[in-house]
Protein chains: 2
Amino acid sequence: MTNKEKQTEEIIAEAAREVFVEKGMAGARMQEIADKAGINKSLLHYYFRSKDKLFDFVFSKIMGKIGGMLQGIMQEGVSIEDKIGKFVDTYTDLLSKNPFLPNFIFGEITRNPDGLIKRFASADIKPNQLLDPLQRQLNKEGYTIHPHDFILNLLSMVIFPVVARPIVERIFFEGDHKAYKEYLLSRKLSIVDFVMKALQGYK
Amino acid sequence: MTNKEKQTEEIIAEAAREVFVEKGMAGARMQEIADKAGINKSLLHYYFRSKDKLFDFVFSKIMGKIGGMLQGIMQEGVSIEDKIGKFVDTYTDLLSKNPFLPNFIFGEITRNPDGLIKRFASADIKPNQLLDPLQRQLNKEGYTIHPHDFILNLLSMVIFPVVARPIVERIFFEGDHKAYKEYLLSRKLSIVDFVMKALQGYK
DNA sequence: GTCTATATGGCGATAGAC
DNA sequence: GTCTATCGCCATATAGAC
């Protein structure tokens, strides 16, 4: 593959990522992707053959990246509180830059769950490598909460406010984007605070 | 409007609700709605003129119903713990019967936030009627947590596991639907437990 | 590799018979 | 009020010139 091919392919993939994430598979238009990439519509087919294949390429790449981040954080050998802090910090920043990402991922996977299995395999995600170390660590530090509950509660509090952004933004801040964005950043601290206070009850 | 018209209209609306919620506005097909309603495709246009108008009708109805439920729970004059329990119970059951609902609502609103304002007005939702009583109650019972944080954390823990169902189901239970469904029901208790433990830290 | 032009199919919407 | 038939558009995809 020549440099030019590689470069064009990446430009297309990035444009496709933006459009797919914002509009979803069904709502995305090949014309809009081509426009955003600054190339002709038929070039999309030259590089990726079909909309389906282009979508698969983009989606797998996203899943691999996110899974890798999570694995990296969970394996670091620090205290629960530090691990939580690092996790909340990293994902809050990621979602701050990609506010459409959660809705996109959960929406697409919900509408095509079978495709998920294939992608987990190719992205090389090992669920047990995430859960087992955490379970051992909770045990060692003397917390009796079930790791499923713990990790799901934490994920919920970080990701859900981004998923429900337009509604919550309107109810809490009368639609003030900037105020809500600042509030989400302030939650970096208040989520860790909330979770640690809860954990005290499981000692 | 005759009885027959009313009845057909309701059959169409229910079929449309199912298809829209599962496939989203962009992914839904008028033909599929007609098939599910057991009528001809052109009848859809006879009753609702266009796909857009049919969608608006269905969506507004859903939002009104959910908003009403929330208002009802939050106004009952009971302790924080009872209120939390009632809330978690009611919404867990609702989501158990409508697992696609959160993804649908958040997805559509994210992709067309302007339409939201109109619908909040017509559904007669008063945000302050939800937040103010809760704030007073947290104060009165001596908890210093900010009501925004409290309500958002609670909503997150109830709704997010449904939004992220296919992924979490796979990571926690290797894709076993039934096991995950039971786990979600068990969270009725563990969420209240978690939240109350956290609240103790804010006394 | 990149473009213009066009084929092909599907979908929302309408016309008109009954 | 409900159907059949069909229109017209738009989106994906391909053919072929350069």
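In what follows, every heavy atom counts, from backbone to side chain, and hydrogens, waters and symmetry copies are set aside. Every chain is numbered from 1 and lettered A, B, ... according to where its sequence line falls, protein lines coming before strand lines.
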What is the separation between atom CG on L43(B) and atom P on dC3(D), rounded to the nearest whole Å?
5 Å
If you take all heavy atoms of A37(A) and I12(A), which pair is closest and at what distance?
CB-CA, 4.3 Å
K86(A): which residues meet the salt bridge (Lys or Arg N to Asp or Glu O under 4.0 Å) condition with it, sequence neighbours left out?
E76(A)
Rounded distance (Å) that lies between atom C1' of dA13(C) and atom NZ of K53(B)
12 Å
Would you say the side-chain atoms of Q31(B) and D35(B) include a donor-acceptor pair closer than 3.5 Å?
yes
Heavy-atom pair of closest approach, residues R17(A) and I62(A)
CG-CD1, 3.8 Å
What one-letter contact string describes nucleotides 12-18 of chain D from 5' to 3', where B marks a base within less than 4.0 Å of any protein heavy atom, S marks contact via sugar-phosphate atoms alone, and - marks no contact?
BBB----
What is the distance, rounded to the nearest whole Å, between atom CG of N40(B) and atom P of dT14(C)?
15 Å
I39(A) CD1 - dT4(C) C1' separation (whole Å)
15 Å
Determine whether the side chains of Y183(B) and D149(A) contain a donor N or O and an acceptor N or O closer than 3.5 Å.
yes
Length of the CG-P vector between L44(A) and dA11(D), whole Å:
14 Å
Using side-chain hydrogen bond (donor to acceptor under 3.5 Å, both in side chains) as the criterion, point out the one residue from T92(A), D89(A), D193(A) that pairs with K188(A).
D89(A)
